[in-house]
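Written below as structure tokens is the structure these notes are about.
Just so it is clear, the model here is predicted, and its values are computed rather than measured.
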Amino acid sequence: MARALHLAERGLYTASPNPRVGCVLVRDGNMVGEGWHERAGEPHAEIHALRMAGEAARGTTAYVTLEPCSHHGRTPPCADALIEAGVARVVVAIQDPNPQVAGQGIARLRASGIEVECGLMEAAARELNVGFFARMTRGMPWVRSKIAASLDGRTALANGSSQWITGTAARQDVQRWRARSCAVLTGAGTVLADDPQLNVRGVATSRQPLRVVMDSYLRLPLNARILHVLPPSLGEGGKTLIYTASPDAEKISALEKNGARVVVLADTNGRVDLAAALRDLAARGCNEVLVEAGSELNGALLQAGLVDELVLYLAPQLLGDGARGMAGLGELTALDQRIELAWQDVRNVGKDLRIVARICRVG
């Protein structure tokens, strides 16, 4: 199963919106076939493994990181393929949360006489597809907020200067988080201040994430680099989606003529409804969303309980009280209003410290 999980990781940047899945076929302690799912619409991991094994697949044990599918999507059911190949036993890491499967693949295998076990290395399998599980079980993507800051939690000087607080290695590491994400999300303020492209650079991938801007008042300039169409050499995708609360039809038309898609989703305060926007991203097939924004949007998402995970890059420097903070959370008057975190991973990346922390409780 560890080998199957390692194979599944090869689809880290490309399998979305499908889950990352690996499969290994074993006979008498020897591997006779293996495979992984690379991208939607192409054969699943089990099919690649069966093709590699050929006739040797009969009587084998299949180790699969996710329950074999039982429905016709873009490809036929993998459960049927395993049955037809004569596989004798299937070991599944975790049940598929997709309502179209959700135990039906396992049931079909067992009904055909195949021995099925489930739960081997379940935690690792869930972690590999944390975004897919979030989308399937709660209708929301897994939201990570990336923040680069000084050791005293400052992201920019008071005048807005922030390039570069962290080093080259940390900035390259961010590209890998972008590459695994279905969408990279920012705010209009960040676009106005930094004019980012928010595309993946320096990482071998055939897919670019959707670029998303929260722009309540349609302040985005028509010459913003995030509106530029990415060259095919950078991979498929990379389109731009703008969420707004503004009904300005003229500006919307101008942005859409520049290649963006504009969606109006207003809350009762006349700003973008953040929760509705994230639900819309999930409906579009987004499993993981990476937030690269300023303190205002970070604060709003955190206060609304919409962030699942923080990826913090802390540089060995101090910027002082006048510099800008990580997230605009306002003043807390009691400790029970705090946002509690759980450390997931702490390591050095170049000269900087990278902390991955999960949100445990908001207020």
Answer yes when E34 and R3 have at least one side-chain N-carboxylate O distance shorter than 4.0 Å, and no when they do not. yes
Quick one: are L66 and V92 in side-chain contact, heavy atoms under 4.5 Å? no
Given side chains that start at C-beta, do those of L222 and K257 come closer than 4.5 Å, heavy atoms only? no
Would you mind writing out the side-chain donor-acceptor pairs for residues 268-277 within the sub-3.5 Å range, not counting sequence neighbours?
unit_1, atom_1, unit_2, atom_2, d
R271, NH1, Y217, OH, 3.1
R271, NH2, E296, OE2, 3.0
D273, OD1, A275, N, 3.3
D273, OD1, A276, N, 3.0

Under a 3.5 Å cutoff, is there a donor and acceptor pairing between the side chains of D152 and S150? yes
Is R108 salt-bridged to D80, cutoff N-O under 4.0 Å? yes
Do R135 and N287 meet the criterion of a side-chain donor-acceptor pair at a distance under 3.5 Å? yes
Below 4.0 angstrom, N of the basic side chain to O of the carboxylate: do E288 and K146 qualify? no
Note: G187 and V213 closest approach over all heavy atoms is C-CG1, 4.1 Å
CG (L306) and CG (N298) are apart, to the nearest 0.5 Å, by 12.0 Å
Which pair of heavy atoms, one from A79 and one from G105, lies closest together, and at what distance? CB-O, 4.1 Å
Can you tell whether the side chains of D308 and R358 come within less than 4.0 Å, N to carboxylate O? no
Got a second to check how far Q95's CD is from R126's CZ, nearest 0.5 Å? 10.0 Å
For K351 versus T166, what's the shortest heavy-atom pair and its separation? NZ-C, 4.3 Å
How long is the straight-line distance from CD of E38 back to CG of L7, given to the nearest 0.5 Å? 12.5 Å
I'd like to know whether CH2 of W36 has more than 12 heavy-atom contacts from other residues, nucleotides or ligands below 6.0 angstrom. no
Do T186 and L297 come within less than 4.5 Å of each other through their side chains, counting heavy atoms only? no
Is the shortest distance from a Lys or Arg side-chain nitrogen in R110 or E115 to a carboxylate oxygen in the other one below 4.0 Å? no
Could R347 and D345 be called an ion pair, given the rule that one side-chain N must be under 4.0 Å from one carboxylate O? yes
In the structure I gave you, are the side-chain heavy atoms of H37 and H48 within less than 4.5 Å of one another anywhere? no
Side chains of V184 and L210: does their closest heavy-atom pair fall under 4.5 Å? no
Looking only at heavy atoms, which two atoms of Q172 and R201 are closest? And how far apart? NE2-O, 3.9 Å
Spacing of E127 atom CD and E122 atom CD [to the nearest 0.5 Å]: 12.5 Å
Residues H228 and A224: closest non-hydrogen pair is CD2-O, 3.6 Å
Roughly how far apart are F132 CZ and N18 CG, rounded to 0.5 Å? 7.0 Å
Calculate, to the nearest 0.5 Å, the distance between atoms CE and OG1 belonging to M1 and T65 respectively. 7.0 Å
Please determine if E309 and R144 form a salt bridge, counting it only when a charged side-chain N lies under 4.0 Å from a carboxylate O. yes
So, for R354 and D173, which heavy atoms are closest and what is the spacing to 0.1 Å? NH1-OD2, 2.9 Å
Side-chain H-bond candidate by donor/acceptor type, T60 with R89, under 3.5 Å: no
